[in-house]
Protein chains: 2
Amino acid sequence: MASSTVENYLKHLLLAEEGAAGGLVPMGALAGALAVVPGTVTTMVKALADDGLVEHRPRHGVRLTAEGRRVALNVLRKHRLVETFLVKVLKMDWAEVHVEAEQLEHALSDNVLDRLDALLGRPETDPHGDPIPSAQGRLSAEVHATLASCATGRPLRVVRVTEQSKEFLHFVDASGLAPGATVRVTERNLAAGLVTVKKSAGRPLALSLTAAGKILVAPARG
Amino acid sequence: MASSTVENYLKHLLLAEEGAAGGLVPMGALAGALAVVPGTVTTMVKALADDGLVEHRPRHGVRLTAEGRRVALNVLRKHRLVETFLVKVLKMDWAEVHVEAEQLEHALSDNVLDRLDALLGRPETDPHGDPIPSAQGRLSAEVHATLASCATGRPLRVVRVTEQSKEFLHFVDASGLAPGATVRVTERNLAAGLVTVKKSAGRPLALSLTAAGKILVAPARG
DNA sequence: CAAGGTATTTTGATAGCTCAAAATGAGTTT
DNA sequence: AAACTCATTTTGAGCTATCAAAATACCTTG
């Protein structure tokens with residue numbers, strides 16, 4: 001069994017690979033994600049490479065092997081299903097479940113996982129709209145537009161929020177921008193780095209481009 | 001935060017104290033329960049004593065301090081509530097939940113614990129009939145008779161099964177002796193080390209005294 | 001091309017938990 | 001009392017995961 005440390009390295013590597021050029025993740029990026037110093041990552045990555053879980057290109061970066069990816073997807077599946085359970089069944093605040101799932105994902109057996117999945121009706125996304133890897137290790141790679149990239153006018157449905165911090169999620173919730181909400185971009189001011197959005201029944205709301213970029217959307221009523 | 005190793009030491013110490021003469025648990029007993037060598041226990045217990053979680057009487061044994069007991073009860077509460085959840089909500093086999101709970105008990109926050117408790121309707125016992133410590137750390141100390149100690153004839157209700165092994169629990173289940181069942185002791189043969197029991201609608205069943213001693217009962221319709 | 005800057009790797013240590021095996025203590029047994 | 005037995009403790013070592021800080025490699029800039 002992979003220790004929870006190993007599981008965390010692989011999970012963060014998987015997350016970092018999405019959108020990393022060439023799939024090679026720099027050691028520093030991984031160190032940052034795991035909140036450890038770079039030297040520690042070098043040491044651990046070499047051990048993971050010995051176990052065939054990652055491929056290490058010295059001084060360039062690291063990437064998952066097929067086997068490492070398999071393990072990482074299973075951990076991510078646990079994480080997202082646990083989050084879904086905590087929100088749907090235990091009625092917890094979606095801003096709090098990330099930290100809880102961070103612990104539970106390493107303690108859940110595949111057996112319990114599958115029963116949880118069945119209880120929840122085999123959901124495809126978690127409360128943040130993040131896709132849940134299937135038991136077979138398939139991860140939806142749908143690409144979405146963001147509130148920062150959309151033209152003004154058209155109605156949009158929020159489908160995903162790609163940031164786990166409590167503060168940001170509370171803000172999104174309070175602004176009525178959680179997944180499922182319908183909004184319209186009313187104004188984009190790239191120079192000022194601002195976009196303004198409006199819910200059908202609400203006052204306009206200004207967002208930084210950075211914040212808006214974390215809110216993924218799809219055309220509404222498609 | 002106590003590491004899961006520390007939590008395990010304290011939990012097993014709590015379990016071992018029940019029924020230990022003078023409340024002092026010999027180092028060897030703890031070593032056996034934790035499946036580590038005695039030297040390891042000596043080392044760890046000294047560290048726990050430094051942290052004020054246990055009291056170590058060298059060459060005699062160890063016992064929980066008030067603080068250690070508080071932590072241990074919280075872990076035991078998590079363990080038993082998780083077991084209850086796994087059986088009641090996820091419909092898992094009661095013979096399998098012990099090992100699962102062994103992992104999950106260390107990953108569950110107090111917050112999640114309380115919501116789980118509420119979801120389950122604040123149960124007082126787990127699926128094996130073991131009492132669940134309250135959030136305030138109160139543990140029911142009810143003493144029960146066992147199938148090995150009861151006189152023949154009177155109707156008895158199984159209230160608790162004090163053994164976690166898969167094999168034993170499967171046997172108990174298959175024999176219809178799970179908590180809630182009603183039985184009668186029909187014969188006791190101390191010389192042969194056997195008791196025979198009978199369910200209202202069933203054939204007689206022979207049990208060793210050892211096995212019968214693990215099945216706790218109360219007078220039926222009392 | 002030499003000089004700098006930055007990411008990465010190496011080195012030396014440490015904390016937590018464990019084992020094997022030798023040493024010790026304490027209570028019998030003879 | 002001397003010898004024996006058994007639990008406990010001590011000693012020396014190893015593994016995993018971490019850090020701080022020095023060394024190294026690579027890329028860019030002057």
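Every chain is numbered from 1 and lettered A, B, ... according to where its sequence line falls, protein lines coming before strand lines.
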> Just how far, in rounded Å, is P of D/dT24 from CE of A/M27?
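A/M27 atom CE is separated from D/dT24 atom P by 19 Å.
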> OP1 or OP2 of C/dT8 versus the side-chain N and O atoms of A/T42: is any pair under 4.0 Å?
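For C/dT8, neither OP1 nor OP2 has a side-chain N or O of A/T42 closer than 4.0 Å.
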> To the nearest angstrom, how far is B/M1 atom CE from C/dG16 atom P?
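Result: 15 Å.
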> Please find the pair of heavy atoms, one from B/P179 and one from B/V161, that lie closest to each other, and give the distance.
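That closest heavy-atom pairing would be CD-CG2, 4.1 Å.
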> Quick one: do B/R77 and B/D117 make a salt bridge, cutoff under 4.0 Å?
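Salt bridge present between B/R77 and B/D117.
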> Does a side-chain N-to-carboxylate-O contact under 4.0 Å join B/E67 and B/R70?
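Looking at B/R70 together with B/E67, the answer is yes, because their closest N to O distance falls below 4.0 Å.
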> Could you give the CZ-to-P distance, from B/R57 to D/dA7, as a whole number of Å?
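For the pair B/R57 CZ and D/dA7 P, the rounded distance is 19 Å.
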> What does the inter-axis angle of the helix from C/dC1-D/dG30 to C/dT30-D/dA1 come out as, five pairs per end, nearest 10 degrees?
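End axes: 20° apart.
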> What's A/G39 touching, base or sugar-phosphate or nothing? Going by heavy atoms closer than 4.0 Å.
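A/G39: base contact, heavy atoms under 4.0 Å.
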> Report the distance from atom CD of B/E7 to atom P of C/dC17, rounded to the nearest whole Å.
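To the nearest whole Å, that distance equals 11 Å.
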> Please state how far atom CG in B/L34 lies from atom C1' in C/dC19, giving the value in whole angstrom units.
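Checked: the CG to C1' distance equals 15 Å.
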> Report the distance from atom CG of A/L48 to atom P of D/dT18, rounded to the nearest whole Å.
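A/L48 atom CG is separated from D/dT18 atom P by 11 Å.
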> Determine whether A/R122 and A/I132 make a side-chain contact, defined as any pair of heavy atoms from C-beta on separated by less than 4.5 Å.
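The answer is no; the side chains never approach within 4.5 Å.
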> Within this structure, what is the NE2-to-C1' distance between A/H60 and D/dC27, rounded to whole angstrom?
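Going from A/H60 (NE2) to D/dC27 (C1'), I get 10 Å.
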> For B/N8 and B/H106, test the side chains for any donor-to-acceptor distance below 3.5 angstrom and give the result as yes or no.
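The criterion, which ignores hydrogens and geometry beyond distance, is satisfied for B/H106 and B/N8.
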> Should we say atom CD of B/E142 is surrounded by more than 12 heavy atoms from elsewhere, each under 6.0 Å from it?
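Not buried by this count: 12 neighbours or fewer within 6.0 Å.
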> Nearest 0.5 Å, what's the CG-NZ distance between A/L120 and A/K88?
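Taking CG in A/L120 and NZ in A/K88, the distance rounds to 7.5 Å.
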> Please tell me which of the listed nucleotides, D/dT8, C/dC19, D/dT18, lies nearest to the side chain of B/P38?
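Shortest atom-to-atom distance from the side chain points to D/dT8.
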> I need the NE2-P distance between B/H106 and C/dC17, as an integer number of Å.
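The distance from NE2 of B/H106 to P of C/dC17 comes to 12 Å, rounded to the nearest Å.
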> Below 3.5 Å, does any donor atom in the side chain of A/R59 face an acceptor in the base of D/dT24, or the other way round?
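Yes, a donor-acceptor pair under 3.5 Å.
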> Taking 4.0 Å as the cut-off, does a side-chain nitrogen or oxygen of A/S3 come that near to OP1 or OP2 on D/dA17?
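It does, given that an N or O in the side chain of A/S3 lies less than 4.0 Å from OP1 or OP2 of D/dA17.
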> Among D/dT9, C/dC19, C/dC17, which nucleotide has an atom closest to any side-chain atom of B/T40?
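When the side chain of B/T40 is considered, C/dC19 is the closest of D/dT9, C/dC19, C/dC17.
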> Give a yes/no on whether any side-chain N or O of B/Y9 is located under 4.0 angstrom from OP1 or OP2 of C/dT18.
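Yes, B/Y9 has a side-chain N/O under 4.0 Å of OP1/OP2 on C/dT18.
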> Is the phosphate of C/dT9 approached by A/H56 (side-chain N or O, under 4.0 Å from OP1 or OP2)?
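So the side-chain polar atoms of A/H56 do come within 4.0 Å of the phosphate oxygens OP1 or OP2 of C/dT9, strictly under.
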> Please determine if a side-chain N or O atom of A/K46 lies less than 4.0 Å away from the OP1 or OP2 oxygen of C/dT9.
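The answer is no; no side-chain N or O of A/K46 sits under 4.0 Å from OP1 or OP2.
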